[in-house]
Amino acid sequence: MPDRAPQPVDRQLPTDEARDLISLVRDIAQHEIAPTAAEEEGAGHFPREVFTLLSRTGLLGLPYASEHGGADQPYEVYLQVLEELAAARLTVGLGVSVHTLSSYALATYGTKEQRVEHLPAMLGGGLLGAYCLSEPSSGSDAASLRTRAVREGDDWVITGTKAWITHGGVADFYTVMARTGEEGPRGITAFLVPADAEGVSAAAPEKKMGMKGSPTAQVHFDGVRVPDSRRIGDEGQGFAIALSALDSGRLGIAACAIGVAQAALDEAVGYATGRQQFGRPIADFQGLRFMLADMATQIEAGRALYLAAARLRDAGRPFAKQAAMAKLHCTDTAMKVTIDAVQVLGGYGYTADFPAERYMREAKVLQIVEGTNQIQRMVIARHLAGPETR
């Protein structure tokens, strides 16, 4: 039906290397990801082979140091890579974001010895990570987590269950937050747990509205023994590490959301310029033209917002408020734009023959993961007005 090919996003990139990187990502997205996205999502197929390719081409460690297998790319560039991948298939874009989040604790808070030992395989050795903070009874209230790690000599024994884990059951390593001390945020410590450690298991993946190709599952730790050399940071520092990781992770979700929104807009424009009604393309009708204009404007605003936050991060300046704003705005935008894309396509938009309905189902989860949008509003308000009085 569409007779107007979507135009690539005109990106402002800081270096020739970054422009070459985006060209590489677009080639992979066009030839290796997009052609099978609808079929594989419908079948619930996790594209591990794509992540192997991304690892081999250096795309799983972009924002980390090259001495440990990364690519030394600023967040400004890394996030635009995520956007391109998510536009082709959210399972892939979000998967790269989650892997980057899972590697953050060790890359940022690990000792020199830990980074040398583990990061090369994590960033460029074909491994895939998962981030384990949420639990069945602690989601937004993450500081109340119950998974416990008990010290036994030079080891820690971890017992508990984590919930809503992206890559649960297919990851090669888990970054796990566990309670090692008092109740509350100060009693939590971070650990790097190999997926093949004795006592690690995953439940069957959740049956979800969208992103069916990305496994989300509970992960059980049944007396899992890990050496103290796999503790990340100091005892009791885990919650601070987790929150620091989420500030950066929320930028990844924002970029993924804009990728999905851009894909939906491209689909809507292509359809509207090709669909004839009353003797002319439906894109000629003002009501629909204004809808497309609003969709495009919100996408550009979201892109500018996440890039502004990324540039603060790259400059070493505080960016937590802006990350929350970006996550909030971009994911709300993705939801609105994908709903409108379905409307533009009319009855066709409601069928699986076109990707608009998949984009709409996938966009919803982005308003929930890594802190619901209600939590983002709380974070923003605290920066503006201080903490709530009790």
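Counting from 1, the numbers follow the sequence of the chain as shown.
Sorted by first and then second residue, the salt bridge (charged side-chain N to carboxylate O under 4.0 Å, His left out) pairs involving residues 117-134 (not counting sequence neighbours) form an empty list. Contacts classified as side-chain hydrogen bond (donor to acceptor under 3.5 Å, both in side chains) and involving residues 199-208 (residues at least two apart or in different chains) are given here: K208-T216. Pairs of residues two or more places apart, or lying in two chains, that qualify as salt bridge (charged side-chain N to carboxylate O under 4.0 Å, His left out) and include a residue from residues 327-351 are D332-R377, K336-D340. For residues 145-154, the pairs satisfying side-chain hydrogen bond (donor to acceptor under 3.5 Å, both in side chains) are E135-T147, E152-R225, with sequence neighbours left out.
Residues Y78 and T100 bring a donor and an acceptor atom of their side chains to less than 3.5 Å of each other. Between the side chains of Y306 and E83, at least one donor N or O sits under 3.5 Å from an acceptor N or O. Residues T180 and T189 have side chains that bring a donor and an acceptor to within less than 3.5 angstrom of each other.
Listed by chain and residue number, nothing satisfies the side chain to side chain donor-acceptor pair (under 3.5 Å) test with S102 (two or more places apart in sequence, or in another chain). Not a single ring pair (Phe, Tyr, Trp, His ring centres under 6.0 Å) links F319 to another residue, sequence neighbours left out. Every residue two or more places apart in sequence or in another chain was checked for a salt bridge (Lys or Arg N to Asp or Glu O under 4.0 Å) with R56, and none qualifies. By the salt bridge (Lys or Arg N to Asp or Glu O under 4.0 Å) test, E49 is found to be paired with no residue, residues two or more places apart in sequence or in another chain being considered. Every residue meeting the ring pair (Phe, Tyr, Trp, His ring centres under 6.0 Å) condition with F46, not counting sequence neighbours, appears here in chain and number order: F51, H167. Residues satisfying the salt bridge (Lys or Arg N to Asp or Glu O under 4.0 Å) test with R361, not counting sequence neighbours, are E357.
Taking a cutoff of 4.0 Å between a charged side-chain nitrogen and a carboxylate oxygen, R186 and E182 do not qualify as a salt bridge. Classification of R115 and E67 as a salt-bridged pair fails, no side-chain N sitting under 4.0 Å from a carboxylate O. Between R231 and D228 a salt bridge is recorded (basic side-chain N to carboxylate O distance below 4.0 Å).
At least one donor-acceptor pair closer than 3.5 Å links the side chain of Q114 to the backbone N or O of S229. Under the 3.5 Å distance criterion, the side-chain polar atoms of T108 are left unmatched by any main-chain donor or acceptor of A105. No donor-acceptor pair under 3.5 Å is formed between the side chain of E40 and the backbone N or O of G213. A distance-only check finds no donor-acceptor pair linking the side chain of S214 to the backbone of M211 [under 3.5 Å]. A donor-acceptor contact shorter than 3.5 Å links the side chain of E41 to the backbone of K212. Although no hydrogens or angles enter the test, the distance criterion places no donor-acceptor pair under 3.5 Å between the side chain of R275 and the main chain of I282. With hydrogens and angles disregarded, no donor-acceptor distance shorter than 3.5 Å links the side chain of S97 to the backbone of G93. In terms of modelled atom types and a separation under 3.5 Å, the side chain of H99 and the main chain of G129 share a donor-acceptor contact. Using modelled atom types, one side-chain atom of S23 and one backbone atom of R19 make a donor-acceptor pair closer than 3.5 Å. The backbone N or O of R311 lies less than 3.5 Å from no partner atom in the side chain of R317, so there is not a single donor-acceptor pair.
One distance of note links CG of L145 with OG of S138; it measures 5.5 Å at 0.5 Å rounding. A distance of 13.0 Å separates OH in Y174 from NZ in K162, rounded to the nearest 0.5 Å.
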Solution key, residues 31-39 side-chain donor-acceptor pairs under 3.5 Å, sequence neighbours excluded:
{"from": "H31", "atom 1": "ND1", "to": "D27", "atom 2": "O", "distance (Å)": "3.0"}
{"from": "H31", "atom 1": "ND1", "to": "D27", "atom 2": "OD1", "distance (Å)": "3.0"}

Side-chain atoms of residues 237-265: list all donor-acceptor pairs with protein atoms under 3.5 Å, sequence neighbours left out, distances to 0.1 Å.
{"from": "Q237", "atom 1": "OE1", "to": "D234", "atom 2": "N", "distance (Å)": "2.9"}
{"from": "S244", "atom 1": "OG", "to": "Y104", "atom 2": "OH", "distance (Å)": "2.5"}
{"from": "S248", "atom 1": "OG", "to": "R313", "atom 2": "NE", "distance (Å)": "2.8"}
{"from": "S248", "atom 1": "OG", "to": "R313", "atom 2": "NH2", "distance (Å)": "3.2"}
{"from": "R250", "atom 1": "NE", "to": "E370", "atom 2": "O", "distance (Å)": "3.0"}
{"from": "Q262", "atom 1": "OE1", "to": "R303", "atom 2": "NH2", "distance (Å)": "3.0"}
{"from": "Q262", "atom 1": "NE2", "to": "D266", "atom 2": "OD1", "distance (Å)": "3.1"}

